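Taking it in order: structure first as C-alpha cells, then the write-up.
All values derive from a computational prediction rather than experimental measurement. For the single chain, residues carry numbers from 1 onward in sequence order.
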Amino acid sequence: VEAGSGPSLIFVTLPNVFNHMAMGTLWGSLFFVFMTFAALTTVLAVFETILACCMDLFGWSRKKACLVNCILMLVLALPCALGFNLLSGIHPLGGTTNFMDLEDFLVSNILLPLGSLIFVLFAVSKKGWGWKNFLKEANEGKGLKVKPWMRGYMTYVLPLIILALFLIGIVILYTITGHLLMVNIHERVVELAASGQYHVPLTVVVSLISVGLAMKCALFPFDKWLPAAYSNSTPSGSAMLSSIVSKGYIFLLMKIMYRVIGLDVIVSTGIQDVLFVFALVGMVMGSISAIRQTDIRRMIAFSSVAQIGYVFMGIGLGTDEGMMAATFHIFSHAVCKSMLFLAAGGLADASNNSKKFRDLRGAGFRSPIAGVAFTIGALSMVGFPFLGGFASKLNFALAAMDVGGARTMLVLITLAISTWLNTLYFLRTVITLYRKPVPGAVYSVARGQRGFCFNASLVAFSIVNVALGLFAQT
C-alpha cells in the first residue's frame with residue numbers, strides 16, 4: 001500500500017485490501033459509507049459558511065443562495081471530475097499531472113497556510129471579530145488565559161511567523177529541488193538525501209513545515225486556540241471540528257512526510273524527536289487542563305489537546321508502525337470525540353442548557369441515550385477493553401515496543417500517566433451524570449427529549465466505537 005498514491009489508493013488499492021480481509025465486504029462497505037458521510041458533512045459545514053456569507057452580504061434568501069452556490073460548485077468541480085477521463089490529456093503542472101494535482105497543490109500548499117494567517121488577522125482586526133470579542137470568547141472557563149498584552153504579538157508577530165514559515169519552507173524546497181509538484185519533489189529529495197547534498201536546508205524545510213502545521217493541529221504548546229474554538233461552537237460544529245477539520249492538517253503533514261519528503265529523510269533530520277517530546281508533554285498537560293475545568297465541553301476540548309499528543313507521539317516514533325497507530329487513532333478519536341460533543345449537547349439541553357458539572361447532576365437519567373453514549377465515549381477515551389480507545393493505546397504500545405530503547409519506556413510511562421489522568425476527569429464526569437440533582441433544581445424533561453436523528457447518530461457512533469475495538473486487529 002503506497003501511502004501517497006492518491007485516488008488510486010482509495011478506489012483501487014483499498015478495495016483489494018478489503019477483499020483479503022475477514023468480513024472484508026462488511027468493512028469495505030462501512031469504510032465507503034463513512035467516507036461518504038465524512039465528505040458530505042464536511043461539504044455541508046463549509047457550504048453553510050458560504051451561504052451565510054452570501055445571505056449577509058447580498059441580502060439573498062437561503063433558497064437563492066443555495067441555488068447560485070450549487071451551480072457554482074458544480075461548474076468549479078467539473079475540471080477535477082473530468083480530469084481523469086475527458087480532460088486527462090491536459091497537464092496543468094506538467095508531466096502526468098491532472099486537475100486534482102493542481103487543486104491539491106493550491107489547497108495544501110497555499111490556501112491552508114494562508115487561511116490560518118487570515119484567521120489570526122480576523123481575530124485581532126476591528127473590521128473582523130475584534131480583539132475584545134476574541135479575548136472574551138477565548139477566556140471563557142478555567143485554564144490558561146489570553147492576556148491583553150498579547151494583542152501586539154497576535155497582530156504583528158504571529159502573522160509574520162505564519163507567513164514566514166509558509167514562504168520560507170516553499171522557497172527553500174523549490175530552490176533545492178526545482179519543483180513544486182509532490183511527486184517530482186519526492187524524487188528529487190530522495191536523490192539529494194542519497195547524495196548527502198543540502199542536508200541542512202532539507203532539515204530547515206522539514207522543521208518549518210512541521211512546526212507550521214503543528215500550530216494548526218494544536219499540538220502542545222501551540223494549542224491555546226483549540227479549547228475556545230471547540231467549546232463555544234454548536235454541538236454539531238464541535239463534532240465537525242474535532243473529528244474532521246483539525247485532522248485535515250495532520251493528514252496533510254503525514255502526506256508531506258510520505259509523499260513529498262519521505263519518512264527516511266524525515267527521520268534523518270531529527271524533527272520527529274522534537275514532535276515526539278512535544279507530544280508526550282501535550283498528552284499530560286492537556287489532561288491536567290481538562291481536570292481543572294468546570295464546563296463539560298471545555299473539558300472535552302482540553303482532552304482533544306491530549307489526544308492530538310497521542311497522534312504526534314505515533315508520528316514521532318518515526319516508523320511505519322507508529323504512523324499506522326497514529327492513523328488508527330485519528331479515526332478512533334474522530335468517532336469518539338464526535339459522540340462526546342454531541343452527547344454533551346444533549347445532556348446540557350436536559351439541564352436547562354447549562355454545561356456546568358453542578359447542573360449536569362442526574363442528566364444521564366433525564367437524557368438516557370446521551371448519557372449512555374457519553375459513558376461509552378468516556379470509557380473509550382480511558383482505554384476500556386473492547387472499545388476503540390483501548391485498541392489505539394494498544395497499537396501505540398506495540399509500535400513503541402518495536403522501536404526499543406529509552407523511547408519505548410517513555411511511551412509506556414506516558415501512556416500510563418495519561419490513562420490515569422483520563423480516568424480522573426472522564427469517570428468523574430460519568431459519576432456526576434448519574435448523581436442526584438442539586439436540591440431544589442427543576443429541569444424541563446422535554447428539553448432532554450431530542451429527535452430521532454440525534455439519538456440514531458449517538459447509537460451509530462457507539463456501535464462504530466465498539467466495532468473499532470473488537471475488530472481493530474482483524
Side-chain angles (χ1 to χ4, degrees), residues 10 14-15 17-18 21-42 44-45 235-244 247 296 300 303-304 307 310-311 324-325 327-350 363-395 422 426-427 429-430 433-434 448-474:
I10 295 178
L14 284 181
V17 173
F18 287 126
M21 289 174 56
M23 302 175 64
T25 302
L26 172 63
W27 301 123
S29 301
L30 287 175
F31 172 81
F32 284 104
V33 166
F34 285 116
M35 185 184 73
T36 302
F37 174 76
L40 179 61
T41 51
T42 303
L44 290 176
S236 57
S238 299
M240 291 281 191
L241 287 170
S242 62
S243 63
I244 299 174
K247 304 301 185 296
I296 187 171
I300 300 172
S303 170
S304 291
Q307 300 304 315
Y310 276 78
V311 176
M324 291 175 63
T327 302
F328 180 85
H329 190 67
I330 288 174
F331 287 104
S332 173
H333 177 252
V335 172
C336 189
K337 200 52 67 80
S338 296
M339 180 169 63
L340 287 171
F341 272 117
L342 290 176
L347 295 167
D349 274 357
F365 297 111
R366 296 189 295 273
S367 184
I369 294 180
V372 171
F374 190 93
T375 301
I376 293 174
L379 292 175
S380 179
M381 287 287 95
V382 169
F384 193 81
F386 311 117
L387 295 175
F390 173 79
S392 284
K393 293 184 178 183
L394 178 62
N395 288 336
N422 291 162
F426 270 120
L427 293 191
T429 305
V430 172
L433 296 179
Y434 292 98
Q449 306 299 321
R450 301 294 290 267
F452 171 78
C453 291
F454 173 81
N455 292 326
S457 64
L458 290 180
V459 172
F461 278 127
S462 300
I463 293 173
V464 174
N465 208 315
V466 175
L468 285 173
L470 291 177
F471 304 105
Q473 304 300 323
T474 302

What distance do [X] atom [atom1] and [Y] atom [atom2] have between them, rounded to the nearest 0.5 Å?
X	Y	atom1	atom2	answer
Leu433	Ser367	CG	OG	10.0 Å
Asn465	Phe384	CG	CZ	12.5 Å
Met324	Asn395	CE	CG	8.0 Å
Phe341	Cys336	CZ	SG	11.0 Å
Ile369	Asn455	CD1	CG	3.5 Å

Could you report the tightest heavy-atom contact between [X] and [Y], atom names first, then the distance?
X	Y	answer
Leu468	Ser332	CD1-CA, 3.9 Å
Pro385	Phe390	CA-CG, 3.7 Å
Phe328	Gly388	CE2-O, 3.8 Å
Leu458	Ala343	CD2-N, 3.9 Å
Lys337	Ser303	NZ-OG, 3.4 Å

How are the rings of Tyr434 and Phe365 set to each other: parallel, tilted or perpendicular (split at 30° and 60°)? perpendicular
With a 4.5 Å heavy-atom cut-off, do [X] and [Y] have their side chains touching?
X	Y	value
Met339	Leu342	no
Ser338	Phe461	yes
Leu427	Asn422	no
Met381	His333	yes
Ile300	Phe374	yes

If the test is side chain to side chain contact (heavy atoms under 4.5 Å, CB included), which one of Thr375, Leu340, Ile296, Leu347 qualifies with Thr429? Ile296
Tell me whether Ser380 contacts the main-chain N or O of Gly389 through its side chain, where contact means a donor paired with an acceptor under 3.5 Å. yes
